[in-house]
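By convention in this document, chain letters (A, B, ...) are assigned in the order of the sequence lines, proteins followed by strands, and residues within each chain are numbered from 1. Remember, it's a predicted structure, so these values are computed and weren't measured experimentally. Heavy-atom basis, side chains included; hydrogens, waters and symmetry copies ignored.
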Number of protein chains: 4
Amino acid sequence: MGLYEQIKESFDKQGLMHSLNAHLASVQDGEVKVACEFSAGVTQQDGYFHGGAITSILDSACGYAAWTKIPEGKEVLTVEFKVNFIKAAKANKIVAVGKVIHAGKTLMFCEGEVFDETETTVLAKMSTTMIVIAKSV
Amino acid sequence: MGLYEQIKESFDKQGLMHSLNAHLASVQDGEVKVACEFSAGVTQQDGYFHGGAITSILDSACGYAAWTKIPEGKEVLTVEFKVNFIKAAKANKIVAVGKVIHAGKTLMFCEGEVFDETETTVLAKMSTTMIVIAKSV
Amino acid sequence: MGLYEQIKESFDKQGLMHSLNAHLASVQDGEVKVACEFSAGVTQQDGYFHGGAITSILDSACGYAAWTKIPEGKEVLTVEFKVNFIKAAKANKIVAVGKVIHAGKTLMFCEGEVFDETETTVLAKMSTTMIVIAKSV
Amino acid sequence: MGLYEQIKESFDKQGLMHSLNAHLASVQDGEVKVACEFSAGVTQQDGYFHGGAITSILDSACGYAAWTKIPEGKEVLTVEFKVNFIKAAKANKIVAVGKVIHAGKTLMFCEGEVFDETETTVLAKMSTTMIVIAKSV
């Protein structure tokens with residue numbers, strides 16, 4: 001099974017991604033994109049994307065970016081992340097791009113950005129630590 | 001309208017809280033609780049609560065805790081948060097408790113904790129900065 | 001050698017603590033205090049404690065708090081930290097209190113607070129991840 | 001007085017920068033570099049640069065980068081920062097590069113990187129929120 005297929009299989013098990021109507025947009029070595037169309041189910045009180053929805057797809061994008069760097073039989077879990085919200089997320093669609101900045105044997109440091117549908121305006125940025133562990137059966 | 005009712009009205013406009021099946025559990029001066037029952041719609045790939053779902057209810061709990069400290073006609077937005085994930089969130093229910101640690105005129109510093117259904121085991125912790133702005137009409 | 005002596009020996013090797021004129025104030029299981037008197041060598045541009053000085057003693061306090069929880073032959077390194085600055089640090093002395101919140105085998109999650117000389121007013125808070133590694137010879 | 005001179009004057013008032021033997025290396029619109037030669041006064045227990053020293057010059061670099069974007073009569077203070085430590089800082093010299101990512105009227109979001117003397121290997125990264133306030137007299 002190719003890398004995209006492995007990640008797609010895992011992504012599809014994330015019930016939260018279904019609730020958000022998010023999808024795996026692309027998988028490259030060290031970089032994964034997750035996109036999410038606007039819907040009533042992702043909003044905060046003013047009708048924009050909720051910070052929690054933004055963070056959720058950032059977390060998945062960074063986690064799967066880390067996944068592209070690990071040996072078979074391993075998986076990654078999020079240790080911590082920080083998100084800075086830069087602009088109100090008034091958009092028809094948001095795209096999270098997660099990238100591996102440093103891949104250690106035990107820990108990985110990744111960064112992510114969320115763009116609006118133009119993929120040029122940055123709405124939020126994540127920095128995160130992932131830990132590599134043996135895969136749950 | 002009392003403080004609980006005001007916050008409940010705003011909370012109910014957060015479509016994301018509906019998607020997660022989360023509810024406003026309590027409102028006190030400087031402290032708000034948001035709870036979320038386990039469902040297939042909140043999971044990560046191993047079937048536990050997704051970090052994004054945990055973060056979403058933490059963000060709402062901290063945001064509404066900040067709300068209890070602001071004058072009428074204002075609202076709060078999240079500037080940034082950091083979450084540390086302490087234990088895998090295998091639970092039937094999670095409860096986020098958001099608290100105001102310091103309330104300035106422009107910025108508020110809040111902290112949140114997510115517990116499992118026993119409300120004693122801490123699964124994750126948030127530290128966050130909120131900004132007070134004029135309410136969107 | 002007792003725990004205090006071990007930590008004191010390591011602390012004294014931290015040249016930065018000497019530059020800041022900081023000292024190890026107390027060592028308990030899971031909690032360490034580091035104090036720093038005000039001097040011209042710790043200031044920012046307005047003459048208060050610099051955020052970097054505040055962070056430095058927080059980092060040492062949290063690191064040595066983690067140290068109290070590890071087996072012999074190991075040491076801890078800082079993976080990441082976040083600091084929120086709550087009040088301007090106009091004080092004659094600051095005291096950092098670092099505490100272990102969760103001690104895993106590989107990672108530890110700690111929190112720290114910096115107080116002014118009254119030890120009641122919180123000036124800044126840290127949340128941090130430490131990693132347990134084999135001791136450098 | 002030009003921008004470099006204004007920032008140099010403020011930088012020179014930071015007693016901590018003197019204690020670390022750090023200097024202002026360059027000032028451009030939205031980007032400031034601060035460098036620090038290795039000395040016994042900046043170390044942690046294994047003789048490398050202490051995370052607190054790394055953070056101190058990152059904070060100053062980001063703060064002065066923000067300063068290049070504010071009107072006269074204002075100054076910036078650090079609200080919060082997060083630092084991820086990527087590699088042990090065994091180096092003869094470290095260079096912090098602070099950059100403004102988004103400049104709002106009240107808040108600025110900046111990022112910083114610390115390099116070793118080659119200015120190619122990243123040792124640590126900062127993400128930080130600054131607030132614009134009226135200058136202290």
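Contacts with chain C (heavy atom to heavy atom, under 4.5 Å) involve these residues of residues 5-42 of chain D, listed by number: D/Ser10, D/Lys13, D/Gln14, D/Gly15, D/Leu16, D/Met17, D/Ser19, D/Leu20, D/Ala40, D/Gly41, D/Val42. Among the residues in residues 56-79 of chain C, those with a non-hydrogen atom closer than 4.5 angstrom to a non-hydrogen atom of chain D are C/Ser56, C/Asp59, C/Ser60, C/Tyr64, C/Glu75, C/Val76, C/Leu77, C/Thr78, C/Val79. Of all residues in residues 111-134 of chain D, none places a non-hydrogen atom less than 4.5 angstrom from a non-hydrogen atom of chain C. Taking non-hydrogen atoms and a 4.5 Å limit, the residue list of residues 88-97 of chain C in contact with chain D is empty.
Interface remark: of the candidates D/Gln45, D/Gln44, D/Glu80, D/Gln45 forms the most heavy-atom pairs closer than 4.5 Å to chain C.
Interface remark: C/Asn84 contributes backbone and side-chain atoms alike to the contact with chain D (heavy atom separation under 4.5 Å).
Under the 4.5 Å side-chain criterion, counting only non-hydrogen atoms from C-beta, C/Phe81 is in contact with D/Val83.
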